[in-house]
There are 2 protein chains.
Amino acid sequence: MKVFFILIELKNNMETLDNTDKTILRILQRDSKKTAKEIANLLNLTVSPIYERIKRLESRGFIEKYVAIVNNKLVNLPITAYCQVSLQSHGESFIDKFENQIKNLKEVQECYHMAGQVDFLLKINMPSLEDYHEFMRSKLSKIDNIGVLNTTFSLKVIKHTSEYYL
Amino acid sequence: MKVFFILIELKNNMETLDNTDKTILRILQRDSKKTAKEIANLLNLTVSPIYERIKRLESRGFIEKYVAIVNNKLVNLPITAYCQVSLQSHGESFIDKFENQIKNLKEVQECYHMAGQVDFLLKINMPSLEDYHEFMRSKLSKIDNIGVLNTTFSLKVIKHTSEYYL
DNA sequence: CCTGAAAACTACTGGCT
DNA sequence: AGCCAGTAGTTTTCAGG
């Protein structure tokens with residue numbers, strides 16, 4: 001009964017995203033500095049409805065946050081590594097412990113628990129390959145319960161966006 | 001001579017990032033809606049230097065853009081797939097062609113040319129597994145020159161941020 | 001969804017150390 | 001060079017219709 005209720009809630013959230021809301025989300029995903037006035041002009045509306053819709057998109061959780069995207073090369077983090085991790089033991093407590101340790105590593109920008117042979121996929125930013133080596137030696141390999149580590153490096157970014165298609 | 005000049009430019013960019021600049025970047029990476037006034041209060045400064053520093057960080061390219069982060073589940077894209085792609089032929093023209101075709105796929109949020117056995121790593125957002133199946137069938141497999149495709153799905157996001165550590 | 005108006009912020013100037 | 005103070009112009013925010 002409770003699950004049924006939640007499903008209805010989600011459905012309402014989706015249904016009330018009309019084309020105007022979607023357009024606003026598309027614009028703000030690209031450039032969150034666009035003012036309500038600019039968006040209003042694009043949609044042939046006044047600022048009030050745009051403002052109210054943005055506030056509703058925020059309060060309903062569609063917009064999670066607003067962030068500045070920083071250039072990784074200019075801040076001396078040109079190396080992007082993807083590291084596949086397999087654990088030795090797969091008990092619940094082992095997995096939780098691993099996740100908590102990973103969360104505290106500032107070098108790890110992303111971490112997913114994956115389906116398949118490999119348990120976790122990590123995205124790691126580094127100043128250099130030597131730094132990555134040192135990171136594995138002094139931090140990653142110190143984490144308990146790691147079985148296999150397999151790293152590949154990004155040679156070139158073909159595409160990289162935080163936008164979702166709507 | 002030209003390369004030498006560019007290197008000097010980069011060096012200057014790095015050197016002139018003092019602790020105040022780094023703190024500003026850290027704050028704006030977390031929440032770009034923080035006003036110059038709020039940041040000024042945190043750093044015991046007035047709005048003018050904060051404002052000027054932000055503008056300089058933008059014009060020098062340290063801040064690439066400001067974006068809204070949208071909740072992928074609420075916009076009906078709960079499935080995140082990582083797809084490893086190996087090409088059949090690795091000539092320059094083949095790679096360029098593949099990259100251009102990938103860029104035009106809205107479902108592909110990220111794509112990297114990788115070192116190692118696998119040529120490309122793709123991050124793909126989908127409403128459902130059935131949609132992913134259809135995407136592979138009707139779009140991905142239609143791209144020329146693809147050798148092996150290997151997909152794994154994210155079961156849980158442990159960590160996911162656009163922040164770089166400074 | 002509109003008009004309109006107050007509060008807040010941005011963006012700029014000039015002057016200080 | 002970098003910071004402060006003050007101000008014009010926008011933008012945000014929130015009334016009432």
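Below, all heavy atoms of this structure are taken into account, side chains as well, without hydrogens, waters or symmetry copies. Note that this is a predicted model, so its numbers are computed, not measured.
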Which dot-bracket string describes DNA chain D (Watson-Crick N1-N3 plus N6-O4 or O6-N4, or G-U N1-O2 and O6-N3, all under 3.5 Å; [ ] crossing; | other strand)?
.||||||||||||||||
Does this structure show an ion pair linking A/D31 with B/K65, if we count only N-O contacts that are shorter than 4.0 Å?
no
When the distance from CD of A/E58 to C1' of D/dT13 is rounded to whole Å, what number comes out?
12 Å
Could you state the CG-C1' distance from B/L43 to D/dC4, rounded to the nearest angstrom?
15 Å
Side chain of A/K55: nearest nucleotide among D/dC4, C/dC1, D/dT13?
D/dT13
Report yes or no: do B/H113 and B/D119 form a side-chain donor-acceptor pair below 3.5 Å?
no
Can you see if the side chain of A/T46 gets near the phosphate of C/dC2 - specifically, an N or O under 4.0 Å from OP1 or OP2?
yes
Can a side-chain donor-acceptor contact be found between A/D131 and A/S128 if the only test is distance below 3.5 angstrom?
yes
Report the distance from atom NZ of B/K37 to atom P of C/dA8, rounded to the nearest whole Å.
7 Å
What is the separation between atom NZ on A/K34 and atom C1' on D/dT12, rounded to the nearest whole Å?
18 Å
B/E38 side chain to B/T35 backbone, donor-acceptor under 3.5 Å:
yes
Anything under 30° is parallel, anything over 60° is perpendicular, the rest tilted; go ahead and classify B/Y112 against A/H160.
perpendicular
I'd like to know if the side chain of A/S86 reaches the main chain of A/G147, judged simply by a donor and an acceptor atom lying under 3.5 Å from each other, with no hydrogens or angles considered.
no
Say whether, by atom type as modelled, one donor and one acceptor occur between the side chain of A/N76 and the main chain of A/P127 under 3.5 angstrom.
no
A/E38 CD to C/dT10 C1', straight-line distance once rounded to whole Å:
14 Å
Every protein N/O within reach of nucleotides 15-17 of chain D N/O, cut-off under 3.5 Å:
none

Which of parallel (below 30°), tilted (30 to 60°) and perpendicular (above 60°) describes A/F98 and A/F120?
tilted
If you only use heavy atoms from C-beta on, which nucleotide in C/dT3, D/dT12, C/dT10 is closest to the side chain of A/A36?
D/dT12
Write down the distance between OH (B/Y51) and P (C/dA11), rounded to a whole number of angstrom.
4 Å
Output the single nucleotide from C/dT10, C/dT3, D/dC3 whose closest atom is nearest the side chain of B/L45.
D/dC3
Let me know, please, whether A/R53 or A/V47 comes out on the 5' side of the other along DNA chain C by nearest nucleotide.
A/R53
With no hydrogens and no angle check, do the side chains of A/T16 and A/R60 hold a donor and an acceptor under 3.5 Å apart?
yes
Distance in angstrom units between A/I50 CD1 and D/dC14 P, rounded:
17 Å
Rounded to whole Å, the CG-P distance (B/L28 to C/dC9) equals 15 Å
Checking contacts here: which listed nucleotide (C/dT10, D/dT11, C/dC1) is nearest the side-chain heavy atoms of B/T35?
C/dT10
